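We name chains A, B, ... by the order of the sequence lines, and we start the count at 1 in each one. What you see is a predicted model, and the numbers here were worked out from it, not measured in a lab. Atoms considered below: every heavy atom in the structure, side chains included; atoms not considered: hydrogens, waters and symmetry mates.
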Protein chains: 2
Amino acid sequence: MSNTTLKKIAKVLDISISTVSRALKNHPDISVSTKQKVMELAQTLEYEPNAMAVNLRSKNTKVFGVMIPSITNNFYDSFIAAVEEEARKSGYSLMILQSGDNPEAEIENLKIYRQNRVSGLFACISQETINMIPYHKMKEAEIPIVFFDKVPDDDAFDKICLADKDAAVLAAETLLEKGKKNILAIFGNHQLSITKRRLSAFSGCMKEHKQVKLIVEHANNSQQAEEKTEHYFQPKQKPDAVFCMSDEILTGVMKSMQRMNMKLPVDTGIIALSDGSFPKLYYPEITYIETSGYKLGKLAFERMMDYIIGNTEPKELFITSRYVAGGSL
Amino acid sequence: MSNTTLKKIAKVLDISISTVSRALKNHPDISVSTKQKVMELAQTLEYEPNAMAVNLRSKNTKVFGVMIPSITNNFYDSFIAAVEEEARKSGYSLMILQSGDNPEAEIENLKIYRQNRVSGLFACISQETINMIPYHKMKEAEIPIVFFDKVPDDDAFDKICLADKDAAVLAAETLLEKGKKNILAIFGNHQLSITKRRLSAFSGCMKEHKQVKLIVEHANNSQQAEEKTEHYFQPKQKPDAVFCMSDEILTGVMKSMQRMNMKLPVDTGIIALSDGSFPKLYYPEITYIETSGYKLGKLAFERMMDYIIGNTEPKELFITSRYVAGGSL
DNA sequence: ATTATTTTCGCAATCGTTTGCGAATATGAA
DNA sequence: TTCATATTCGCAAACGATTGCGAAAATAAT
């Protein structure tokens, strides 16, 4: 059983294709009796309009592209989940492509998005220093782009970010309030702008308090975070708190805590920036500053729709952070 | 700058659209000089073929549908990652839709897939007792379907599953070999076929050993697993091993272990069925039987391509399990 | 120079849907 | 009956790309 088309329905009922089309759209020009016949037959033949034909004619695919570094990442997953939820409500579908943090794959993906004439693109760029020309070309081709999370340093684009500075400051202030004096802060890769923003905000806040001893470390992955942690937890002197810039670092730190058999929050304290799923895995649950991919997705989608209805002035929006008390501090 | 089309190139060079099309495809009918001119202009105008037009004519979208319960799930993420990798190599894209474990959303999604004339569908059904008619209709509409993970009990379809029985048996045998005598086994929701298969294989294996005391419990989520664990770990008598059917259960159990301050593997042992990411979060790392979503994706894709080239006889394939030693047993 | 052959390209139909415009039919008014 | 209006529908073009077939132009053969 091949696919039902307007033509097929038209042939069976011996009427024109246009009439069938209009009947299905409940066009006033078509008589009630004809409409009924058409709709009935369409039902039994399970007619579904061919999206490609519709799109070709309307020049609107109702598909959004979403480009992320990797799909096996909680943060981006919840971003996607949020976007998908909203997209579905508005009759859009998603075309999700991974860049693997590789600029070449990124450009390859842009090509695919252009070929498929996506109605818009949600993009998270892979690196700091990236060639933005292909993105500018997309905008010229009238494909709106909303950058999220890792965004370019370019005012011509719409950007939705976490309020990294606020979050880092909030974490720092919390540590200070709790009277922590000897803090180990582990950040991600130096190169990343997200690291720079969080680091500068965090240490800037700490700098005002001379009595606090702050150790700043960087880890490129979970295992490095584990090693750094063990390095600084010596029998003679242990930090009284650890700040984790990300989930990846948190998991490394926690593994180390378990190995050292440290009891939270008595032996030391922990605070993290996280979307909240990992902190809830542990007992006691980790106190964290929420950086929600889900909220980010909601806001990014909102911005996209706003852009589409004509509000094209580039904006940079932020997701505000929230303190979530666990039992680790 | 609107989008470049064949027509636009043709007009500029004052040749026919057909010639442009053939030139870009390096057709032998076209002279070298013409080809050069066309390709050059296409380059500068950044021509990208309109996928909708191509698909409409070729009746092949080069898009695979992927339907999963939720995208915020490690297992399905790695499945998708695998499928995407392979799809990209073959020039396919993915249309990922979530069912939210809701049969109605599932049917809604099938509609979207049909409208978009996907070249094939990877589907993970939401429940045990589902109406399979819509899926049969898809097959009749010549859209190949490969079910994965949660598959229907219907021989007409292709199915790619984890070798649940093998995995459960492997876990059980491992526990027996280690000389465990008092085992708490926590499974997921009763209703799920995956639970039934794993449970029957596991307890079937245990039944042959009368000297082993086996407690079987069910938990619908992580928190329930946590509660059940605490319930059975009494000061007087503690199980000497816990079997966790899934990551969700493992995380609950581990939280409970941390609360009770149990040291693995001395105070008790743990083994899980998992794809491996969660077991590596803990210290000591959890011993597990690997149930890889990634491998599942690779195999599912392979099967899909095999089907497409004409091998349409329905098959049921399994991903074999692997014992991965951690330090928890 | 004439015919045969090859090179090079354009016409037109097609995929499935939408829509402006005009035509046919029906209904009403006079 | 005749003209005016309303109802109902079909024609054809368009979206962008592909391709069989045939035609014109260039080259080779006699």
List the steps, then state whether ring pair (Phe, Tyr, Trp, His ring centres under 6.0 Å) holds for A:Y135 with A:F147. CA-CA 10 Å; A:Y135 290 99; A:F147 286 97; 5.1 Å; yes

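- Atom CG in B:N60 sits roughly 14 Å away from atom C1' in D:dT18 (whole-Å rounding).
- Residues passing the side chain to side chain contact (heavy atoms under 4.5 Å, CB included) test with B:I107, sequence neighbours excluded: B:P134.
- Proximity note for A:T19 (side chain, C-beta onward) versus D:dC15, D:dC9, D:dT18: the nearest is D:dC9.
- For D:dA17, the OP1/OP2 oxygens have a side-chain nitrogen or oxygen of B:Y47 closer than 4.0 Å.
- With rounding to whole Å, A:I9 atom CD1 is found 17 Å from D:dC9 atom C1'.
- D:dG16 atom C1' lies 11 Å from atom CG of B:N3, rounded to whole Å.
- Comparing A:V20 and B:N50 by the nucleotide of DNA chain D whose heavy atom lies nearest to each, the residue mapping closer to the 5' end is A:V20.
- Comparing B:R117 and B:D14 against DNA chain C, the residue whose closest nucleotide sits nearer the 5' end is B:D14.
- B:T34 and B:S31 share a side-chain donor-acceptor pair at under 3.5 Å.
- Using a 4.0 Å heavy-atom cutoff across all strands shown, A:T34 reaches sugar-phosphate atoms only and no base atom.
- Across its full length, the helix from C:dA1-D:dT30 to C:dA30-D:dT1 shows an angle of 60° between the axes of its 5 terminal pairs at either end, rounded to 10 degrees.
- With sequence neighbours left out, the side chain to side chain contact (heavy atoms under 4.5 Å, CB included) criterion links A:R88 to A:E84, B:L97, B:E108, B:N109.
- Here the closest heavy-atom approach between residue B:P69 and residue B:K150 is recorded as CG-NZ, 4.3 Å.
- When heavy atoms are screened at a 4.0 angstrom cut-off, A:D29 is found touching base atoms of the nucleic acid.
- In this structure, the CG atom of B:L24 is 9 Å from the P atom of D:dA17, given to the nearest Å.
- A 4.0 Å heavy-atom criterion places the boundary nucleotides of DNA chain C facing chain A at C:dC15 to C:dG20, written 5' to 3'.
- Using a 4.0 Å cut-off between charged nitrogen and carboxylate oxygen, A:K89 and A:E86 count as a salt-bridge pair.
- The closest side-chain donor-acceptor pair between B:Q98 and B:Y76, if any, does not fall under 3.5 angstrom.
- In this structure, A:K59 atom NZ and D:dG16 atom C1' are separated by 9 Å, rounded to whole Å.
- Across all strands, B:I17 comes closer than 4.0 Å to base atoms (heavy-atom distances).
- For A:F122 and A:F148, the distance between ring centers is not under 6.0 angstrom.
- An OP1 or OP2 oxygen of D:dA17 is reached within less than 4.0 angstrom by no side-chain nitrogen or oxygen of B:K7.
- Rounding to whole angstrom units, CE of residue B:M52 and P of D:dC15 are separated by 14 Å.
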Protein-nucleotides 11-13 of chain D N/O pairs under 3.5 Å:
residue, atom, partner, partner atom, Å
D:dC11, N4, A:S18, OG, 3.0

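- Atom-to-atom, CG of B:L6 to P of D:dT19 comes out at 12 Å; the value is rounded to the nearest Å.
- Side-chain contact, B:N26 with B:K35: a donor N or O sits under 3.5 Å from an acceptor N or O.
- Between the CD atom of B:E48 and the P atom of D:dA17 there is a distance of 11 Å, given to the nearest Å.
- Every residue was checked against the ring-ring contact (aromatic ring centres under 6.0 Å, His included) condition with A:Y47, not counting sequence neighbours, and none meets it.
- Side chains of A:S119 and A:T61: a donor-acceptor N/O pair is present below 3.5 angstrom, by distance only.
- Put simply, the side chain of B:S99 gets close to the backbone of B:D101: a donor and an acceptor are under 3.5 Å apart.
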